[in-house]
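All heavy atoms count here, side chains included; hydrogens, waters and symmetry mates do not.
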Amino acid sequence: MGSKLSGPAGQGGKTIEQNADINVTPFVDIMLVLLIIFMVAAPMATVSIRLDLPPATPPPPGEIKEPVYITIQDTGSIFLADRQTTVETLAADVCVALAAANCRDERVFVRAQPEVKYEQFMEVMNTLQENGFFKVGLLNEDIE
């Protein structure tokens with residue numbers, strides 16, 4: 001709230017009146033500063049993540065392959081489908097299980113029991129990555 005220092009000319013002096021008008025200048029200044037902040041911050045909030053989406057049309061029935069699952073148990077045992085394997089022979093065993101010309105371009109799924117240590121899981125993931133398997137899917141099963 002503000003006040004007027006000059007009154008009407010007929011009163012001959014300065015009288016003080018209350019002014020009930022809102023001073024919007026500070027409000028506009030603050031809004032312009034906020035607008036500039038949001039204009040600068042908005043492009044930084046958009047992050048591009050590459051997604052491999054499935055094709056719009058399903059593949060022909062003859063081309064559907066059974067996926068290969070790598071299971072890590074809490075004892076440290078690694079199973080490829082129903083066969084036990086080790087970290088050292090994992091890449092070769094995955095290529096044999098995929099039975100493809102270029103096995104490193106095929107998708108492999110990794111699942112681990114809830115009690116598996118992070119170190120054991122990352123050892124398998126690093127082994128796959130070092131051997132050129134970059135299409136790795138992680139599976140999570142609900143624990144009931």
Side-chain angles (χ1 to χ4, degrees), residues 1-81 85-95 97-144:
M1 184 175 308
S3 62
K4 291 183 183 179
L5 291 178
S6 62
Q11 292 181 356
K14 295 184 178 178
T15 60
I16 297 177
E17 290 181 16
Q18 284 189 346
N19 181 7
D21 295 336
I22 297 173
N23 188 3
V24 296
T25 304
F27 177 71
V28 170
D29 290 344
I30 291 172
M31 295 312 289
L32 288 174
V33 168
L34 288 175
L35 177 67
I36 292 170
I37 289 171
F38 285 121
M39 286 174 59
V40 169
M44 288 186 265
T46 58
V47 177
S48 61
I49 298 174
R50 184 174 173 263
L51 295 176
D52 292 329
L53 297 176
T57 58
E63 293 184 15
I64 298 176
K65 294 182 180 180
E66 189 66 29
V68 172
Y69 296 102
I70 299 172
T71 306
I72 309 169
Q73 293 186 343
D74 56 351
T75 60
S77 303
I78 301 170
F79 284 89
L80 187 63
T85 184
T86 62
V87 175
E88 292 81 20
T89 62
L90 182 63
D93 291 341
V94 169
C95 280
L98 286 170
N102 194 356
C103 61
R104 281 151 178 68
D105 290 337
E106 299 293 326
R107 188 170 305 278
V108 178
F109 293 99
V110 177
R111 60 182 165 200
Q113 291 182 342
E115 296 83 17
V116 171
K117 293 181 180 178
Y118 183 72
E119 179 183 353
Q120 295 169 335
F121 175 76
M122 285 309 297
E123 184 179 15
V124 171
M125 292 297 292
N126 289 336
T127 302
L128 289 172
Q129 186 176 12
E130 288 168 0
N131 289 297
F133 292 97
F134 296 112
K135 293 184 177 181
V136 178
L138 302 179
L139 298 177
N140 180 20
E141 297 178 8
D142 292 333
I143 303 170
E144 293 182 25

Atom pair [atom1]/[atom2] of [X] and [Y] - distance to nearest 0.5 Å:
X	Y	atom1	atom2	value
Gln113	Thr75	CD	OG1	7.0 Å
Thr85	Asp93	OG1	CG	3.5 Å
Asp29	Leu34	CG	CG	11.0 Å
Ile72	Phe79	CD1	CZ	12.0 Å
Ile36	Met31	CD1	CE	12.0 Å
Met125	Gln120	CE	CD	14.5 Å

Is it the case that atom [atom1] in [X] sees more than 12 heavy atoms from other parts of the structure closer than 6.0 Å?
X	atom1	answer
Gln73	CD	yes
Glu119	CD	no
Leu138	CG	yes
Met122	CE	yes

If you compare all heavy atoms of [X] against all heavy atoms of [Y], which two are closest, and at what distance to 0.1 Å?
X	Y	value
Val116	Phe121	CG1-N, 4.2 Å
Leu98	Cys103	CD1-O, 3.3 Å
Ala97	Leu80	CB-CD2, 3.9 Å

Quiz item: Checking side chain to side chain contact (heavy atoms under 4.5 Å, CB included) against Val136, which of Val110, Val124, Ile70 comes through?
Solution: Val110
Quiz item: Which of these passes side chain to side chain contact (heavy atoms under 4.5 Å, CB included) with Val94: Val108, Thr89, Thr127?
Solution: Val108
Practice problem: Report yes if some heavy atom in the side chain of Phe133 is under 4.5 Å from a heavy atom in the side chain of Leu90; otherwise report no. | Solution: no
Practice problem: Please tell me if the side chains of Arg104 and Cys95 come closer than 4.5 Å, counting only heavy atoms from C-beta onward. | Solution: yes
Quiz item: Considering residues at least two apart in sequence or located in another chain, which fulfil the side chain to side chain donor-acceptor pair (under 3.5 Å) criterion with Arg107?
Solution: none
